[in-house]
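Heads up: the structure comes next, in structure tokens.
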Amino acid sequence: MSFIKKPSVHHPKLPKNKLGLTRRDYEGALSTLCAGYGHDSVSSAIIEACFNLSIPAHKLAKLSGIGCSSKTPTYFLNKSHGFNSVHGRMPSVATGANLANRDLYYLGVSGDGDTASIGLGQFCHVIRRRLNMLYIVDNNGTYGLTKGQFSATNDKNSKSKKGEDNPFESIDLAALAIQLGAGFVARSFSGDKDQLIPLMTAALSYKGFAFIDIVSPCVTFNNHTQSTKSYEYFRDHNEALGYLDFIPEKEEITIEYEEGTSKEVQIHDGSKMILHKLDKSHNPYSRTNSLKVLNETQEDGKIVTGVIYLDKNEADLHDVINSNKKPLNTLKENDLCPGSKGLEYVNDNFR
Amino acid sequence: MSFIKKPSVHHPKLPKNKLGLTRRDYEGALSTLCAGYGHDSVSSAIIEACFNLSIPAHKLAKLSGIGCSSKTPTYFLNKSHGFNSVHGRMPSVATGANLANRDLYYLGVSGDGDTASIGLGQFCHVIRRRLNMLYIVDNNGTYGLTKGQFSATNDKNSKSKKGEDNPFESIDLAALAIQLGAGFVARSFSGDKDQLIPLMTAALSYKGFAFIDIVSPCVTFNNHTQSTKSYEYFRDHNEALGYLDFIPEKEEITIEYEEGTSKEVQIHDGSKMILHKLDKSHNPYSRTNSLKVLNETQEDGKIVTGVIYLDKNEADLHDVINSNKKPLNTLKENDLCPGSKGLEYVNDNFR
Amino acid sequence: MTKVNDFVVKFANVNGSGSASANLMFAKSIFRMGIPVTPKNIFPSNIQGLPTWFEVRISKDGYAARREGIDCFITLNPQTYQTDMKEILSGGYLIYDNTMPRNFSRKDINYIGIPMASICADHYDDPRQRQLFKNIVCLGALAVLVKIDLKIIENLIKEDFEKKPKLIPPNIKALHLGRDYALENLDRNLNISLKKIRTTKKKILIQGNEAAGLGCVYGGATVAGWYPITPSTSLVEAFQKYVNIFRVNDSGEVSAGIVQAEDEMASVGMAIGANWNGARAFTATSGPGISLMSEFLGLAYFAEIPLVLFNIQRGGPSTGMPTRTQQSDILSCAYASHGDTKHVLLFPSDPKECFEMAAQSFDLAEILQTPIIVMSDLDIGMNDWVTDPLHWDDDNKFQRGKVLKKKDLDDLVNWGRYLDVDGDGIPYRTLPGAHETKGSYFTRGTSHDAFAGYTEDGRINADNMMRITKKFKKSLKFLPKSIRKKAKKDTSVGLIYFGSTSVAVDEANDILEDQGYAVDLLRIRSFPFGRGISTFIDDHEHVIVMEQNRDAQMRSLLINELNKNGSNIYSILNFDGSPVTADFIVKSFLDLLKKNQFNIKSLKKKNQQRE
Amino acid sequence: MTKVNDFVVKFANVNGSGSASANLMFAKSIFRMGIPVTPKNIFPSNIQGLPTWFEVRISKDGYAARREGIDCFITLNPQTYQTDMKEILSGGYLIYDNTMPRNFSRKDINYIGIPMASICADHYDDPRQRQLFKNIVCLGALAVLVKIDLKIIENLIKEDFEKKPKLIPPNIKALHLGRDYALENLDRNLNISLKKIRTTKKKILIQGNEAAGLGCVYGGATVAGWYPITPSTSLVEAFQKYVNIFRVNDSGEVSAGIVQAEDEMASVGMAIGANWNGARAFTATSGPGISLMSEFLGLAYFAEIPLVLFNIQRGGPSTGMPTRTQQSDILSCAYASHGDTKHVLLFPSDPKECFEMAAQSFDLAEILQTPIIVMSDLDIGMNDWVTDPLHWDDDNKFQRGKVLKKKDLDDLVNWGRYLDVDGDGIPYRTLPGAHETKGSYFTRGTSHDAFAGYTEDGRINADNMMRITKKFKKSLKFLPKSIRKKAKKDTSVGLIYFGSTSVAVDEANDILEDQGYAVDLLRIRSFPFGRGISTFIDDHEHVIVMEQNRDAQMRSLLINELNKNGSNIYSILNFDGSPVTADFIVKSFLDLLKKNQFNIKSLKKKNQQRE
Ligand SMILES: Cc1ncc(C[n+]2csc(CCOP(=O)(O)OP(=O)(O)O)c2C)c(N)n1
Ligand SMILES: Cc1ncc(C[n+]2csc(CCOP(=O)(O)OP(=O)(O)O)c2C)c(N)n1
Ligand code: SF4
Ligand code: SF4
Ligand SMILES: [Mg+2]
Ligand SMILES: [Mg+2]
């Protein structure tokens with residue numbers, strides 16, 4: 001368990017945004033996730049972005065599926081309505097919510113199991129529909145809440161907590177999103193606040209479907225091949241028992257690196273990944289190019305971060321179906337019900 | 001209704017394959033699909049390919065979901081077991097069947113509604129698992145059996161039978177298949193026997209997941225914008241009624257064209273599409289290149305046909321899970337049940 | 001003796017051959033002659049080339065159920081005429097296209113040949129037109145034979161093709177060709193005939209799905225997520241149609257969001273998301289969709305989100321008989337989803353009630369904060385029924401239930417999303433965006449306390465579950481009551497029914513009454529069951545439940561939920577996919593009587609007379 | 001007075017802190033002392049940092065249900081100790097880590113402080129080791145206090161870490177640290193204590209999912225499609241484990257195909273596909289998965305494909321209480337899927353029966369050609385139970401049902417997949433690849449005739465549906481029979497129960513008997529219900545059904561399916577997610593007695609004595 005610290009009295013000198021709110025007004029409840037799990041940074045980035053954009057918290061709805069990641073909306077934006085739906089089906093709930101009220105911000109948080117397995121169909125179709133929302137995946141390559149099975153985004157040939165190889169092709173959600181017509185597609189690392197905050201800010205401002213794939217290693221179930229000495233004892237302990245009994249507290253991994261550079265990150269279990277931050281030389285406006293960059297860096301064993309694809313033509317589902325500019329949930333009886341007069345017309349048609 | 005003609009007596013002079021069987025031995029029941037629908041050619045191509053490969057019909061299992069296209073397995077290979085499962089879930093049934101008996105051929109036939117909407121999740125995941133099967137989609141851009149709604153493969157901005165625009169991004173199943181790791185990915189046109197037969201033959205011989213996206217215009221519900229004079233009257237008739245009442249019999253569209261050339265095909269409703277047949281200059285062995293070709297030709301308004309991607313490393317789910325070379329469904333009691341002896345060991349472990 | 005305004009005509013065709021519109025015109029023209037008519041469209045689960053039938057019952061007395069025994073069978077499908085023929089009543093008519101010779105075996109019926117194909121061949125060049133107009137030629141001849149006012153049909157043609165006027169003359173020409181052939185060549189002294197009356201003068205002829213789709217517009221639905229499936233598709237199409245008529249503003253913007261989803265889970269998810277966010281939203285489906293929606297139904301039940309779901313039932317289980325009718329999802333809807341769940345069901349019995357219940361369901365969903373499942377079926381949904389005109393009381397106001405607005409929240413101190421403040425088990429909800437600082441909460445399918453907080457304390461969760469039970473019980477006062485019809489004399493036998501079987505039960509009851517049997521009737525209109533139903537069962541020594549499924553699902557639900565003794569609750573079951581007939585009910589009733597030796601005190605007239 | 005071998009110890013911890021293995025060692029060491037023990041692991045639906053409890057009932061008489069009232073509570077979680085404390089019996093013990101001061105309010109209990117943290121701080125450097133070994137230190141001290149043979153724990157440590165021997169010394173060191181502290185500092189005269197007996201000598205201590213997974217190996221399952229969900233995951237993991245032990249050939253190939261699917265629809269689809277193709281296949285899931293599988297269940301039912309499905313029930317509805325136990329999917333499983341469907345259910349009551357029924361279910365599925373749903377729950381599935389050792393009769397042969405082989409087909413003339421040849425409603429099936437020219441057919445979820453051909457003839461379909469009903473009725477002879485236990489004297493009261501409540505019922509019955517009440521017992525082991533159950537209900541004036549759900553689902557099913565009068569069938573319901581206790585049953589029984597004024601003829605000893 002970890003939490004974003006929250007002193008009980010408001011500090012009068014805290015900086016305020018245009019709405020006169022402080023960051024504190026965007027906070028959430030105590031987290032019940034594992035200490036050291038990157039979601040704290042992700043949550044802070046969300047808080048920061050909303051604060052920066054002066055989004056009134058009650059004008060944002062946060063939705064999620066089921067999983068550790070899907071619990072995170074409890075840990076930010078206390079004053080927003082939240083909806084922890086069913087496993088993998090957040091996109092359809094978000095679609096309905098958005099249809100009902102086009103004037104709110106919609107923020108969906110999901111996991112890689114939630115999105116890439118049971119929810120893959122809904123994920124692909126919400127993209128196609130250009131729903132105006134920001135969809136975040138806390139991508140940890142595993143099923144955290146059900147204790148460490150492989151997810152479909154797990155790298156081929158990486159090992160699970162039981163030391164088995166993952167034999168299957170990994171699903172690249174960012175590539176999928178681009179392929180299926182998402183308007184804004186980015187990738188980042190949970191501990192990279194410097195990158196996350198501007199990404200979130202841009203994505204929340206985007207009209208249409210925005211997707212951020214956030215690499216967020218699971219501190220508990222990422223027990224990869226090579227490990228640093230310090231953890232060995234505890235992994236051995238758990239391995240001997242055949243189940244996870246002891247989860248030592250870990251520090252969250254935070255990183256900083258420049259655009260255009262690569263950075264090797266060592267994960268809690270000792271394994272490593274190389275992140276590469278895109279810079280201005282990347283042209284994010286061509287689908288073909290963006291897909292190419294994704295595929296090629298992947299072949300190089302690197303993970304690109306940054307805005308990978310951007311469709312300048314912002315448009316969303318409401319434009320497509322040409323719905324009333326007024327939120328549908330505000331329409332009143334006389335906007336909606338044609339009354340007895342309407343029935344005269346109808347009845348006549350059936351005579 | 002249409003059918004592959006079937007005289008009641010066997011002609012003694014019919015050519016025979018290695019098994020001593022004639023094409024007739026690979027036929028199926030009378031079709032109950034619309035006259036002129038391209039499935040006849042697809043069925044004939046399947047028959048031809050199985051005949052050529054001398055596949056014993058009973059060693060092939062044909063599986064499908066729900067839809068017009070999913071009915072077609074009834075119309076070929078009478079001597080094969082068939083399984084018309086539930087809407088969109090054929091891939092999982094095929095996976096189970098294949099796990100049970102690795103020694104059969106598995107042929108799945110699906111529709112674009114079946115595969116790209118309700119079944120999209122299963123489609124993506126069966127690809128990841130490299131199931132050894134040939135998966136065919138009769139891609140007509142519409143929901144035939146439920147009378148003409150848009151499917152997710154329908155081109156953006158094309159019109160439905162009611163004249164509405166399709167507002168959503170179209171899903172390119174071939175691109176998706178390549179992206180997710182299919183081993184053999186091809187596209188063809190239902191009426192192009194010359195191309196279909198070798199494609200089917202190669203795909204059936206491929207070990208791993210093979211996919212053929214077959215553009216098969218629906219003769220009944222493809223009522224696109226521009227129409228040829230001859231059909232106008234009947235469309236008007238149906239349009240006036242607000243529902244489809246009269247479906248005149250149509251001729252199946254068959255085409256022939258050379259590798260490396262493009263061909264404009266006029267669909268029953270008068271609309272046109274341009275097919276482009278890949279030739280030897282295409283390198284199908286690189287994922288990135290194949291995706292690029294797909295995306296670029298699409299931007300040109302063309303549909304590429306032929307083998308788009310081929311992974312020379314043939315491997316399937318059984319290799320991955322290292323299952324017994326003997327089909328699991330042939331294993332006997334003493335292969336499977338450890339008996340009282342085994343229990344002694346187990347009981348001891350729980351004392 | 002001639003049957004005037006009281007007979008059954010049936011058409012056998014091949015689907016996609018243009019027969020549907022011609023057949024419908026036949027039915028509609030009779031309706032316009034003021035005569036009650038009940039058409040049933042029996043179509044295959046395929047698009048072209050398979051057998052399809054169209055059955056039209058004409059009943060001056062207004063009996064709207066199917067009736068077996070065909071008076072006049074127009075057999076235009078060579079695949080089926082040999083078996084079709086068997087359905088014709090002795091002395092009845094078989095009308096066929098005698099362009100090609102045919103073999104008929106029955107001697108007790110009359111054959112009327114009309115050379116439809118050759119007439120068309122003579123007058124049209126295009127082979128497709130030849131095919132299409134056969135149906136109209138046939139209609140013209142038939143009109144002469146059974147004495148339909150041809151003007152009415154001509155008007156129908158003009159109306160149908162109003163927007164494509166060039167189609168009018170050729171159709172009328174075909175109609176006249178048929179008429180002329182009949183006038184010149186056929187014996188017109190049939191023992192069936194039509195005569196104008198005024199019975200249907202004020203009525204309308206409408207399909208249930210059309211009415212339900214319209215009801216959604218009246219009920220204020222603004223969001224629909226849906227996935228195509230027979231026989232529910234036309235409900236959403238109707239909603240779309242009326243939205244386009246009634247809900248487009250001057251800028252061309254539409255006051256509704258209708259999305260064809262990728263599957264049924266997504267459609268119900270959308271409807272739930274929209275309702276959660278304060279729009280009235282629904283979805284419509286049939287059998288397989290119900291199964292797929294059941295996970296989400298449990299969420300809506302437990303998180304207490306309003307939802308309207310139309311189940312246009314078809315033949316199950318599995319893909320089953322997609323184009324046939326059944327009432328076989330009673331249990332799977334009442335108890336949909338794992339865990340302890342129960343859902344409110346409404347049972348419309350005709351298109352008019354589809355309209356009314358559709359509109360009402362949105363009030364109920366918001367008042368009760370739970371899914372409302374409207375249990376229609378293919379028979380009501382996709383067949384045309386004669387009903388009273390639809391009616392709307394302009395004083396009706398949407399009842400949006402307990403939703404806290406900004407100013408309510410301003411004043412509120414200790415709000416809890418799942419607190420039972422009023423003692424009716426119904427808590428107060430808030431909508432996203434309502435208030436800057438108050439009323440936000442986390443909606444979840446996991447166990448929660450009265451303040452919507454996650455809890456693993458099983459007792460708190462159990463309390464919450466008990467409150468939901470209470471809400472369910474209290475829902476009775478909002479639901480449509482059952483309708484009881486007393487027999488003319490006292491009786492120990494009661495018959496319970498619901499939905500599309502109602503018309504057959506009414507007719508069967510008349511027949512039984514004529515034969516001297518007295519039966520009290522009760523029509524169920526909603527679940528949970530009210531006290532009226534319980535009393536009805538208690539009041540009768542023998543209770544029969546009529547339903548269209550194999551497993552007597554409604555009977556089960558009654559016994560279960562009302563704690564009744566099943567030993568005197570009998571079933572009449574029809575589950576072959578065809579709407580039940582009055583004759584079947586009468587026969588089954590008499591069989592039950594014989595087999596179970598009902599204590600027929602005051603049941604049979606004769607007995608009473610003896611007393 | 002000292003309670004010897006008869007008390008309850010409970011641990012309160014934080015999950016992920018290493019307590020689970022130490023606590024389990026505590027329970028297991030008692031088991032090895034020959035004393036019946038029942039541990040219950042009460043864990044949160046989260047990974048680290050939330051409260052978790054471990055309850056251990058020690059009962060020389062072998063009572064294996066939970067018992068409320070804690071004799072000794074080891075409260076190591078500062079978040080919960082204030083409420084935990086309330087559960088301690090007067091005169092009981094609270095053991096805590098007194099490294100930091102704590103406030104205790106109760107005066108009627110004993111406090112035992114052990115400075116676990118400071119002991120660890122003194123002996124270990126790594127903060128994580130300090131944390132981890134607190135649990136072992138505690139165990140060492142506790143062992144001294146309740147008199148566990150320390151050798152046994154040492155052996156357990158050695159076994160646990162057999163493959164990581166370097167972990168053994170530090171663990172043993174911690175154990176000794178605790179022991180030494182207790183010996184030196186604590187008053188060891190507790191009123192609870194353990195003494196070696198031989199009651200569990202031949203027994204085993206095992207979890208239901210472990211046993212069921214093994215049962216699948218014994219039942220010959222070769223294919224499993226599954227999707228992770230608590231509390232079913234460990235069943236498939238056990239299957240995997242035993243496959244790796246028993247089914248790997250010399251080339252390293254595995255005789256099983258286990259695939260983690262993308263969701264529950266895919267998992268059940270895989271199991272269906274494999275069964276269709278002649279492999280024995282299963283899937284395992286819990287609540288939400290059941291809802292998602294219901295469409296496919298209808299297909300398997302209607303197309304008559306064997307299938308084994310384990311439902312390890314948890315708290316519903318919706319996501320509900322994922323780590324708590326319930327028996328609340330009875331109706332949703334019995335009637336899973338739209339349309340007329342009914343499924344065969346098995347109700348194991350302990351891990352041994354999980355093993356047996358798992359193995360048997362594959363025979364049943366193939367004999368009956370239908371889904372078999374094994375209704376276990378979290379309590380059986382994920383807790384360790386003392387049972388008799390597992391037993392296998394080597395004469396057992398797989399019963400594969402009516403499958404036609406090549407040579408059968410050679411001789412066959414008029415085979416129809418759905419023909420009822422033998423009059424038992426069970427048709428003959430064929431497998432793909434069996435024969436070059438004969439026996440192929442099209443499996444479908446659409447309406448079909450006896451030859452598997454598609455038909456839209458509703459009567460043919462109805463006939464087929466009736467045959468399935470017949471098959472379902474005939475299935476009785478293959479299913480495990482209910483078990484009846486007569487009271488020592490005649491009585492008018494019968495108690496029906498099933499599954500994990502059995503141990504609590506047995507105990508409650510002993511208590512009631514002691515108090516002079518006679519109750520006949522009947523344990524249901526399968527659905528459809530056999531005649532034995534029906535007779536039992538008829539034989540008793542008052543019948544009580546004990547179950548762990550809100551809506552009395554089993555009672556409903558009984559009334560429904562056996563056509564019983566519900567007015568004398570009562571319920572005892574426990575649905576707070578904790579396994580029911582005998583005390584709760586006794587109390588509820590006496591309440592029922594009072595409220596309903598059971599005709600207590602021959603029920604209470606006193607009455608009888610008066611006669
Ligand atoms: C229908 C259904 N199936 C299975 C589960 C069990 N379940 C809970 S969370 C989860 C996976 C979570 O993985 P992911 O989405 O990656 O989230 P993480 O915990 O890794 O953040 C599963 C399978 C469920 N709740 N519902
Ligand atoms: C669960 C479920 N939902 C909906 C349907 C209705 N349905 C039958 S076929 C079909 C779509 C078929 O489209 P496609 O797969 O493209 O096949 P086509 O008819 O175009 O060949 C639908 C929605 C169904 N059978 N099952
Ligand atoms: S188990 Fe993994 S994913 Fe779940 S909260 Fe812990 S670190 Fe995060
Ligand atoms: S409706 Fe379209 S897809 Fe269906 S059979 Fe006819 S032509 Fe083919
Ligand atoms: Mg994850
Ligand atoms: Mg299609």
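Sequence lines set the chain letters: A, B, ... in the order given, protein chains first and strands last, and positions in each chain run from 1. Keep in mind the model is a prediction, meaning the values are calculated, not measured.
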Using a 4.5 angstrom heavy-atom cutoff, name the option from [options] with the most pairs to chain D.
| options | answer |
| --- | --- |
| C/Pro44, C/Ser328, C/Ser45 | C/Ser328 |
| C/Met265, C/Met321, C/Lys342 | C/Met321 |
| C/Gly316, C/Gly298, C/Ser556 | C/Ser556 |
| C/Ser332, C/Gly445, C/Ser286 | C/Gly445 |
| C/Gly577, C/Ala462, C/Ser578 | C/Ala462 |
| C/Gly287, C/Ser337, C/Ser291 | C/Ser291 |

Does a side chain donor of either [X] or [Y] reach within less than 3.5 Å of an acceptor in the other side chain?
| X | Y | answer |
| --- | --- | --- |
| D/Asn46 | D/Asn15 | yes |
| C/Asp329 | C/Asn311 | yes |
| D/Trp53 | D/Asn41 | no |

[X], part contacting chain D, at a heavy-atom distance under 4.5 Å:
| X | answer |
| --- | --- |
| C/Tyr454 | side chain |
| C/Asn549 | both |
| C/Gln553 | side chain |
| C/Thr455 | neither |
| C/Leu331 | side chain |
| C/Tyr301 | side chain |

If one checks every heavy atom of D/Arg324 against chain C at 4.5 Å, the contacting part turns out to be side chain
Determine, using ring centers only, whether C/Phe442 and C/His448 are less than 6.0 Å apart.
-> no
Is it true that D/Lys564 and D/Asp538 make a salt bridge, defined as a side-chain N closer than 4.0 Å to a carboxylate O?
-> yes
Is the shortest distance from a Lys or Arg side-chain nitrogen in C/Asp377 or C/Arg314 to a carboxylate oxygen in the other one below 4.0 Å?
-> no
Under a 4.5 Å cutoff for heavy-atom pairs, which residue among [options] has the most contacts with chain C?
| options | answer |
| --- | --- |
| D/Glu295, D/Gln313, D/His338, D/Gln327 | D/His338 |
| D/Pro51, D/Ser294, D/Gly566, D/Pro288 | D/Pro288 |
| D/Leu562, D/Ile290, D/Leu557, D/Thr469 | D/Thr469 |
| D/Cys333, D/Gly320, D/Ala336 | D/Gly320 |

Determine yes or no for a side-chain-to-main-chain donor-acceptor pair under 3.5 angstrom, with D/Asp551 supplying the side chain and C/Asp340 the backbone.
-> no
Flag, side chain of D/Thr323 to backbone of D/Phe43, donor-acceptor distance under 3.5 Å | yes
Rounded to the nearest 0.5 Å, what's the gap from CE on C/Met293 to OG1 on C/Thr285? Could you check?
-> 4.5 Å
What residues form a side chain to side chain donor-acceptor pair (under 3.5 Å) with C/Arg555, not counting sequence neighbours?
-> D/Asn563
Assign the ring pair C/His542 / C/Tyr570 to parallel, tilted or perpendicular, where the plane angle (0 to 90°) is split at 30° and 60°.
-> tilted
